[in-house]
2 protein chains.
Amino acid sequence: MGNKDEISMEQVILATAEKLFLEKGFDGTSTTQIAKEAGCNQALVHYYFRTKENLFNSIFETKFRTFFQNIFDTTQLTNLSFLEKIKHISRTHFDLLLANPQMPKLVINELSRRKENINILRDRLHVLPEQLFSLMDNELQEEISAGRVKNITFIDIMISIVSLNVALFFLKPVVSDVLLLTDEQANQMLQHRKEENVNIILSYLKP
Amino acid sequence: MGNKDEISMEQVILATAEKLFLEKGFDGTSTTQIAKEAGCNQALVHYYFRTKENLFNSIFETKFRTFFQNIFDTTQLTNLSFLEKIKHISRTHFDLLLANPQMPKLVINELSRRKENINILRDRLHVLPEQLFSLMDNELQEEISAGRVKNITFIDIMISIVSLNVALFFLKPVVSDVLLLTDEQANQMLQHRKEENVNIILSYLKP
DNA sequence: AATTGTTTTAATAGACTTATTAAACACATT
DNA sequence: AATGTGTTTAATAAGTCTATTAAAACAATT
């Protein structure tokens, strides 16, 4: 213990809890199950995190924050044309979901399980998009005026990008497990859709 | 009792259970809560349905069946051009989701909660799409040959239609509650998106 | 060896769950 | 009035849950 190469039981509990919360949801996961799968006594879970709710928050609060921060990140958009920016936003959003495929489901379930999450998300989703929307809306008006893009709002563009990407990760369990695709086939389908979604958005923008 | 105008307690229990299962999920809903909100003794729930699982199945098995049957319904497509068929499919799918806004979330959660649902859905989703895909694929090849539609698979078209529509209903709680839209504003946004999604698909098909 | 702090476990409390059973109640029929 | 059936409730069983507490085990320090 204290050996840097050796993960502490506290970290094991966190990793195990994250896995089970993502798999079964908050209500479907008990601290007893977490302890059992982590390989420790149930009281240890409560020793480190006191309550089940604290444990959940320890895991997902920062995950939520970084996830939404990354959706609206503008730092990678400098020196790109408007359409290049749109491509980048779509691909980056897709990659973000690929790295966190169960996040959409978690967000949706958390919104209905804990209404107070709405206030937390509202605070977070109010400030973050403003910068991106401000930047993109100005350029969008220029593109519309120049006749390179049809008359459209940036909100509609973002809803379309997010819809096409997010739905794939909701549909992936349906596609993989119901239609009997192998992991490789499912991943090929996802990669194909990553670029197809970009194409759909680009054709949508054409005047 | 036996009065046709008076809903039986059995029906009250079903309606209450459906509401709570949609709100809180299977694990988040207890038979005690259902009874309390239905206004009867908890044993009555078990009298009529024996187990909680039976109750859940009684409600959602037919709902699932009719929902998926309606997605792949081909009976309304006769006497329509290919592009008119595409428009109809997109709008009908949207209306189906509007009538059952919590169905996508339920399907996703049920797939991870009960793996055996996958087999049930697989049986169901194997036969139903075949008719639609067979019909549409033939016409699609004709449209592509005639130069009216770009070279694309019907699978990609369906994934795009479903993605654009389904994601809206996942995102609706985020949009309504996080971005403080009134119900009217949220519904206006949905109606706008219903036609916008059709436009996106049509521009996507253009050669 | 003794002490201290951290980690971990066993035992337990209280609440809640699903489900069953016996009994009471209401209504219809004979 | 007696009987049968369906509806409903009170009581209960068994299990699981979250969380707490006391105690044991372990490691580091003095």
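Owing to the predicted nature of the structure, the values given are computational and were not obtained by experimental measurement. Naming convention: chains lettered A, B, ... in sequence-line order (proteins, then strands); numbering from 1 in each chain. All heavy atoms count here, side chains included; hydrogens, waters and symmetry mates do not.
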Touch check for [X], heavy atoms < 4.0 angstrom, all strands: base, sugar-phosphate only, or nothing?
X        : result
Thr32(B) : base
Thr51(B) : sugar-phosphate
Gln42(A) : base

Q: Examine Arg65(A) relative to Phe60(A) and say whether NZ or CZ is less than 6.0 Å from the centre of the six-membered ring and inside a 45° cone about the ring axis.
A: no
In whole Å, I'd like the distance from the [atom1] atom of [X] to the [atom2] atom of [N].
X        : N       : atom1 : atom2 : value
Glu53(B) : dT18(C) : CD    : C1'   : 12 Å
His46(A) : dT16(D) : NE2   : P     : 16 Å
Lys52(B) : dT20(C) : NZ    : C1'   : 17 Å
Lys36(A) : dT18(D) : NZ    : C1'   : 17 Å
Asp27(B) : dC17(D) : CG    : C1'   : 13 Å
Leu55(A) : dC17(D) : CG    : C1'   : 15 Å
Leu44(A) : dT8(C)  : CG    : C1'   : 6 Å
Asn41(A) : dA19(D) : CG    : C1'   : 12 Å

May I ask you to verify if any side-chain N or O of [X] is less than 4.0 angstrom from the OP1 or OP2 atom of [N]?
X        : N       : value
Ser30(B) : dT17(C) : yes
Arg50(B) : dT20(C) : yes
Tyr48(A) : dT6(C)  : no

Q: Taking only the side-chain heavy atoms of Ala43(B) (C-beta and beyond), determine which of dT21(C), dC17(D), dT17(C) contains the nearest atom.
A: dT21(C)
Q. Between dT9(D), dT6(C), dA19(C), which nucleotide gets closest to the side-chain atoms of Tyr47(A)?
A. dT6(C)
**Q.** Close side-chain approach of Ile71(A) and Leu132(A), heavy atoms under 4.5 Å
**A.** no
Q: Evaluate the ring planes of Phe68(A) and Phe64(A), with Trp represented by its six-membered ring, and classify them as parallel (under 30°), tilted (30 to 60°) or perpendicular (over 60°).
A: perpendicular
Q. Where does the angle between the aromatic ring planes of Phe21(B) and Phe26(B) fall among parallel (under 30°), tilted (30 to 60°) and perpendicular (over 60°)?
A. parallel
Q) With the threshold set at 4.0 Å, does a side-chain nitrogen-carboxylate oxygen contact exist between Glu196(B) and Arg193(B)? A) no
